Amino acid sequence: MTALIAVAHGSRDTRSGATIHLAVDVLRRRRPDLDVRVAFLDLTEPDVDTVVDDLAAAGHTRMVAVPLLLGSAFHARVDLPELLGAARTRHPGVSIEQSDVLGDDPVLIDAVRDRILETGVAQGDSTVGVALSAVGSSVSTANQRTRAVAETLLAGTGWAGALTCFATSASPSPTEAVVQLRAMGATRIVVAPWFLAPGKLTDRVSRLLTEEPNVVFADVIGSHPAVAELASRRYDTAVARAASVPAADALPHRFSELGH
């Protein structure tokens, strides 16, 4: 059996790891043909090295690491490829591939829309404004791409507006986004996390806006079936891509970041 390693960021917040495990449980039910394991890049056990070594000891000869990440930054481009490269050195007889990150795929944006609707608002309600809370980046192009997620989220709805706000240094802040949404005519604000799991950043946004009138908070993406669907697709694509690469060219591809 081939192994799929669902690799998450990791957090000191125990809610985060628990949420990732729930999401991966959905993936296991979707892919009973695979040995699906969870690994974390930081702060949470088990780490990637431990999971790879355990799978190799169990006799697995093919593994695909699927980064459960919404952006293609350091963890996906440097951290995880280095870990997998070292793992290949330890286990030369094992094929270890890295898939694309989950990214800003439309199925995840649809999942956020579902979370918003779960708060009780209607998709055609013109009094609703959505503040999509996300992690800020020091790279302006990364922030711009995250801002575009809110634009996609708004499409096909009757909401007054949707804006991405950032839990860290980028602009607009959550409070600034609420002011802008009210100026667009929104009288009810839904704060929707662009996060797979809860943690200190989602808590920070909640604290900033908890005193704001007519503000409700949607759930994180969490164990929404879209995560399992997309992780499964990323796995299949990585396997097909590896099969199409000539053996002599396989090693450089393995070390490259596959998410674009």
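The basis for the numbers below is simple: all heavy atoms, side chains too, and nothing from hydrogens, waters or symmetry mates. Computed from a predicted structure; not experimentally measured.
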Taking [X] for the side chain and [Y] for the main chain, is one N or O donor matched with an acceptor at less than 3.5 Å?
X: Thr237; Y: Arg234; value: no
X: Trp194; Y: Val220; value: no
X: Arg113; Y: Leu153; value: yes
X: Thr210; Y: Arg207; value: no
X: Asn143; Y: Ser137; value: yes
X: Glu176; Y: Ser173; value: yes
X: Thr44; Y: Ser11; value: yes
X: Asp47; Y: Thr50; value: yes
X: Arg77; Y: Ser72; value: yes

Partners of Val135 by side-chain contact (heavy atoms from CB on, under 4.5 Å), sequence neighbours excluded?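 By the side-chain contact (heavy atoms from CB on, under 4.5 Å) rule, Val135 matches Thr168, Phe195, Leu201.
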Looking at residues at least two apart in the chain, or sitting in another chain, which of them share a side-chain contact (heavy atoms from CB on, under 4.5 Å) with Leu43?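 Testing Leu43 for side-chain contact (heavy atoms from CB on, under 4.5 Å), a comparison that skips the adjacent residues, returns Arg12.
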How many angstroms lie between atom [atom1] of [X] and atom [atom2] of [Y], to the nearest 0.5 angstrom?
X: Leu163; Y: Leu181; atom1: CG; atom2: CG; value: 4.5 Å
X: Leu132; Y: Glu151; atom1: CG; atom2: CD; value: 11.0 Å
X: Arg182; Y: Ile189; atom1: CZ; atom2: CD1; value: 5.0 Å
X: Ile96; Y: Thr61; atom1: CD1; atom2: OG1; value: 10.5 Å
X: Ile116; Y: Trp159; atom1: CD1; atom2: CH2; value: 4.0 Å
X: Thr19; Y: Leu196; atom1: OG1; atom2: CG; value: 9.5 Å

Does the pair Val26 and Leu22 meet the rule for a side-chain contact (heavy atoms from CB on, under 4.5 Å), with working shown? CA-CA 7 Å; Val26 178; Leu22 288 174; over 6 Å; no
Is there side-chain contact between [X] and [Y], with heavy atoms separated by less than 4.5 Å?
X: Val128; Y: Gln123; value: no
X: Leu84; Y: Val48; value: yes
X: Leu154; Y: Val130; value: no
X: Phe166; Y: Arg147; value: yes

Verify whether one side chain among Asp13 and Ser16 offers a donor that lies under 3.5 Å from an acceptor in the other.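 Their side chains do not contain a donor-acceptor pair, so the 3.5 Å distance test is not met.
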Any side-chain donor near an acceptor of the partner, Arg31 and Ser232, under 3.5 Å: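 Arg31 vs Ser232: donor-acceptor pair found between side chains.
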Any chance you could lay out the salt bridge (Lys or Arg N to Asp or Glu O under 4.0 Å) test for Arg37 and Asp54, step after step, and finish with the verdict? CA-CA 10 Å; Arg37 306 287 183 98; Asp54 286 350; 5.2 Å; no
Leu102 and Phe40: same hydrophobic cluster, using ILVMFWY side-chain contacts below 4.5 Å?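 Leu102 and Phe40: one cluster.
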If hydrophobic clusters are built by linking Ile, Leu, Val, Met, Phe, Trp and Tyr wherever their side-chain heavy atoms come under 4.5 Å apart, do Leu41 and Leu4 end up in the same one?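 Shared cluster, no.
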May I ask you to decide whether Arg28 forms a salt bridge with Asp25, counting only side-chain N to carboxylate O separations under 4.0 Å?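 Counted as a salt bridge, because a side-chain N and a carboxylate O are separated by less than 4.0 Å.
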Could you list the residues that satisfy side chain to side chain donor-acceptor pair (under 3.5 Å) with Glu118, not counting sequence neighbours?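 If we apply the side chain to side chain donor-acceptor pair (under 3.5 Å) test to Glu118, skipping adjacent residues, the hits are Arg115.
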Candidates Leu68, Leu230, Leu69 - the one meeting side chain to side chain contact (heavy atoms under 4.5 Å, CB included) with Val101: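 With Val101 as partner, side chain to side chain contact (heavy atoms under 4.5 Å, CB included) holds for just one option, Leu69.
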Does the pair Asp236 and Arg233 meet the rule for a salt bridge (Lys or Arg N to Asp or Glu O under 4.0 Å), with working shown? CA-CA 5 Å; Asp236 289 336; Arg233 281 169 32 194; over 6 Å; no
